[in-house]
4 protein chains.
Amino acid sequence: MERKKILSNVKNRELVMKRRNQMIKGAISLFKEKGFHRTTTREIAKESGFSIGTLYEYIRTKEDVLFLVCDSIYEQVKQRLELVIAKEVPSVKMLKNVVRAYFELMDEMQEEVLVMYQEVKSLEKEAQEYVLKKEREMVDMLKQVIESCLPEHNISDMDTELIANNIFIQGQMWGFRRWILQKQFKLDEYIDRQLFYLMRVLLIEE
Amino acid sequence: MERKKILSNVKNRELVMKRRNQMIKGAISLFKEKGFHRTTTREIAKESGFSIGTLYEYIRTKEDVLFLVCDSIYEQVKQRLELVIAKEVPSVKMLKNVVRAYFELMDEMQEEVLVMYQEVKSLEKEAQEYVLKKEREMVDMLKQVIESCLPEHNISDMDTELIANNIFIQGQMWGFRRWILQKQFKLDEYIDRQLFYLMRVLLIEE
Amino acid sequence: MERKKILSNVKNRELVMKRRNQMIKGAISLFKEKGFHRTTTREIAKESGFSIGTLYEYIRTKEDVLFLVCDSIYEQVKQRLELVIAKEVPSVKMLKNVVRAYFELMDEMQEEVLVMYQEVKSLEKEAQEYVLKKEREMVDMLKQVIESCLPEHNISDMDTELIANNIFIQGQMWGFRRWILQKQFKLDEYIDRQLFYLMRVLLIEE
Amino acid sequence: MERKKILSNVKNRELVMKRRNQMIKGAISLFKEKGFHRTTTREIAKESGFSIGTLYEYIRTKEDVLFLVCDSIYEQVKQRLELVIAKEVPSVKMLKNVVRAYFELMDEMQEEVLVMYQEVKSLEKEAQEYVLKKEREMVDMLKQVIESCLPEHNISDMDTELIANNIFIQGQMWGFRRWILQKQFKLDEYIDRQLFYLMRVLLIEE
DNA sequence: TATGAATGAGGGTTCATTCAT
DNA sequence: AATGAATGAACCCTCATTCAT
């Protein structure tokens, strides 16, 4: 997928990458704490380790930072998930492992995911659509895993889509609604029970 | 549950109620359009039909408006749900009706729910907890419906909790992730398929 | 001529007039000293006697101030000139008196005129055109004075236009190029000699 | 006349000249378009074909660029005018030719002259005076042309000064007030009529 | 109780200038 | 001699909140 380009005054590509990563790291930590709107560009610059002037050498607007953050989060999640998928051959076991890995990932990155969920709507249309596409990609990954792991399933495409979506948001929910869920479940319990019911939904007996 | 008190300079209780309802209505319409942070108090006052000075006679800070809005939204959802529950006697049919009603409600109020989800984090701690409690109440309502409709079920309390949570967020997801879901499903299809799988999860045959 | 409207948050028309006059006065004094670009909005506010916030209750952008200033200057010049014209009946004597009055006015307002000349180009297109129209009006006033004072002249319209323009800029030049002219001429001398040659140009013998 | 020195880090005199000419060319083109204040040093560097760092090897401040530009413009005008003067022997015809050439020059360079007029005030005192002296020189050239072409005139020195000044600004006015004048006159018409009245002023019959 | 003018801290962004390479 | 990344003071403007009427 075409990566949306954020313009930078600085020419040196490697430096841009380096500085932007500093920026993303700093920004995430601040957004976690106080959200996008309450974080100032000056704070982002400081947390990233450079001056406000330097910050603006690498982005055009504050929103660019948010976009960079969102993009980076999705990219990380996606890569991590692809890694898990690549490691195994399709099977029910693999399906369970992928889902488990996804849930664990969501636990690890719950802060980041939270940030994204709260702030995407602050992005301008184009950037928002780009991020949405990323999300679409992830649901598609889950969908394909289901399909390839259950080759003889007779689940309609629409239902696969629905189930993939359900898994997707159940994962996000873990972090997103942690105040409720994490009071009552440990991560493992949560995963186990969700997997248990997923098997039921997919009519897989064990 | 104790209602969190928002202080007002005006003594006349009825007037306070009236003005605040104007305010909530105006604010929701603005928050839908541009979010909490991008909406100014002046705009809220204007949309509500009174001056900025008057606005501040009925609230202390801009955040109070957000709280009032969140509170009002949950209250509406809760009341509407209670209405449906009150109409029937417990049974599988009732369970399905309640879930269906909940999904339909989420469809109707998707903008409002969206607003809430994006902005709760902007509330101060205490207000946030209050809203969270409201959410807890709603999950509990679903939980109780499941329990009362399936008196002989052998689902553990934890699992009931999990399933109630899943239903809860599947409803919100409909509005929250509309860009993905509403491209592929009509509301009825979505409800039907979710109900279909819910029955599987609950081991109810039809 | 339609007056270009500068929007204000404040409704009270009289107050708007009053505050804007404060603003114009403060701004002119600053623009004289350091020019438009080197003057900050905070300085304008302070010099006008109110806070930066208040300043922005009466204008939308810094450029609005410049426009207000330009508009005010032209308006003053125009009114003063009209006063002189209204006082007499058309005749060569009147023509000379009007030109003299115009030159004296330019002397009095040389700072203001200087400001205008240096900064009009900073105005946005629309505002610039408005100011240009004002200038056009003033040249037309001079033109009409020439025509009405010399009823039997056989000067073509184009030539009248040219002569009016020449008078117009000779007036501005007095202030605009004061470093050169005011070293060598006293105001009265300057006026006398310019009038002397104007008579020659118009073939008026005395 | 002593040329005001702008300091440069670079020692090689030829290189300094070359780079500064690049700079002047680039800067004029930018100043024409957006004025001095709205043009950034980065833009000047880019338009001149070198980096911002290099720009600052040849000047001390942004204002230096403006000075260089003003100086260059006057120098060009002066040289061009001297060329015309050198070509002929003093006579009424020469006077007319010089004035005509000056007006044509002002037409050609109207953008540049406009730039100068708007921005000289942004120069610091010393630089401003230097530029003013240049102007003085040009008026003196016109004055001398009048005197040498009309050897038996009985025009006082002061009046010659006045007339030279009038010619000078009538030329600038052509570009400076082009919105008004160039709507009504073609260049040739303008020159012809101004010359016609100049002859009258000088009591020259033809 | 209602109004709306006044306030000023603080936000995002720019850009002339420097300096290590 | 040339480069361009880094800097941060300073700019314009917004907006939640107050308070005199």
Side-chain angles (χ1 to χ4, degrees), chain A residues 8-12 15-16 18-19 37-46 49-65, chain B residues 8-12 15-16 19 37-46 50-65, chain C residues 8-12 15-16 18-19 37-46 49-65, chain D residues 8-12 15-16 19 37-46 50-65:
Chain A
S8 162
N9 284 336
V10 177
K11 310 264 166 92
N12 184 333
L15 191 55
V16 172
K18 183 181 153 197
R19 290 277 178 266
H37 283 104
R38 294 208 200 286
T39 303
T40 70
T41 51
R42 273 172 174 83
E43 287 169 327
I44 296 172
K46 195 173 179 191
F50 34 71
S51 73
I52 182 65
T54 300
L55 182 75
Y56 275 90
E57 290 292 309
Y58 294 92
I59 51 156
R60 279 270 190 280
T61 68
K62 187 185 175 192
E63 216 184 72
D64 280 356
V65 181
Chain B
S8 161
N9 285 336
V10 178
K11 306 294 169 199
N12 181 336
L15 192 52
V16 172
R19 290 277 178 265
H37 282 103
R38 295 205 200 286
T39 302
T40 69
T41 50
R42 270 172 164 89
E43 286 169 327
I44 296 172
K46 195 175 179 190
F50 38 71
S51 72
I52 183 67
T54 302
L55 182 76
Y56 274 87
E57 290 297 313
Y58 293 93
I59 51 158
R60 278 271 190 281
T61 70
K62 186 185 175 192
E63 217 182 70
D64 282 355
V65 182
Chain C
S8 161
N9 283 337
V10 176
K11 311 265 165 94
N12 184 333
L15 191 55
V16 172
K18 182 183 153 198
R19 291 277 178 266
H37 283 104
R38 294 209 200 285
T39 303
T40 69
T41 50
R42 268 175 174 80
E43 286 169 328
I44 296 172
K46 196 174 178 188
F50 35 69
S51 72
I52 181 68
T54 300
L55 182 75
Y56 276 90
E57 290 293 310
Y58 294 92
I59 49 154
R60 279 269 190 281
T61 67
K62 188 186 174 191
E63 216 184 71
D64 281 354
V65 182
Chain D
S8 160
N9 285 336
V10 178
K11 305 294 168 198
N12 182 334
L15 191 53
V16 172
R19 290 277 179 265
H37 282 104
R38 294 205 201 288
T39 302
T40 68
T41 50
R42 272 172 163 90
E43 286 170 328
I44 295 172
K46 195 174 178 189
F50 37 71
S51 73
I52 182 67
T54 301
L55 184 76
Y56 274 87
E57 291 295 313
Y58 293 93
I59 51 157
R60 277 271 192 280
T61 69
K62 187 186 174 190
E63 216 183 72
D64 281 355
V65 181

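Below, chain A is the first sequence line, B the second, and so on; all start at residue 1. All values derive from a computational prediction rather than experimental measurement.
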### Message
How long is the straight-line distance from CG of C/D64 back to OG1 of C/T41, given to the nearest 0.5 Å?
### Response
12.0 Å
### Message
Angle between ring planes, D/F50 versus D/Y58, binned at 30° and 60°: parallel, tilted or perpendicular?
### Response
tilted
### Summary
Re E/dA20: Watson-Crick or G-U wobble partner, both distances kept under 3.5 Å, found to be F/dT3
### Atom pair distance, as rounded to whole Å: NZ in C/K46 and P in F/dA10
15 Å
### Query
Which letter, B, S or -, goes with each nucleotide of nucleotides 13-21 of chain E from 5' to 3', with contact meaning a protein heavy atom under 4.0 Å?
BBSBBB---
### Query
Given F/dA5, F/dA2, E/dT3, which nucleotide is nearest the side-chain atoms of B/F50?
E/dT3
#### Entry: Nearest-0.5 Å distance that lies between atom OG1 in A/T54 and atom CD1 in A/I52
9.0 Å
### Query
What heavy-atom pair brings A/R38 and A/E43 nearest, and what distance separates the two atoms?
O-OE1, 3.8 Å
### Query
Any side-chain N or O of D/R19 under 4.0 Å from OP1/OP2 of F/dA2?
yes
#### Entry: Whole angstrom value for the distance that separates P of F/dC15 from CD of B/E43
8 Å
### Query
Has the side chain of D/S51 got a donor or acceptor atom that lies under 3.5 Å from a matching backbone atom of D/A45?
no
### Summary
C/N9 atom CG is separated from E/dT3 atom P, nearest whole Å, by 17 Å
#### Entry: Watson-Crick or G-U counterpart of F/dC11, or none if no pair lies under 3.5 Å
E/dG12
### Query
Looking at E/dA5, F/dA5, F/dA2, which one has an atom nearest to any side-chain atom of D/Y58?
F/dA2
#### Entry: Atom-to-atom span, CG of B/L55 to C1' of E/dA5 - whole angstrom
16 Å
## Note on the structure
All heavy atoms of A/N9 vs all of A/Y56, minimum pair found to be ND2-O, 4.1 Å
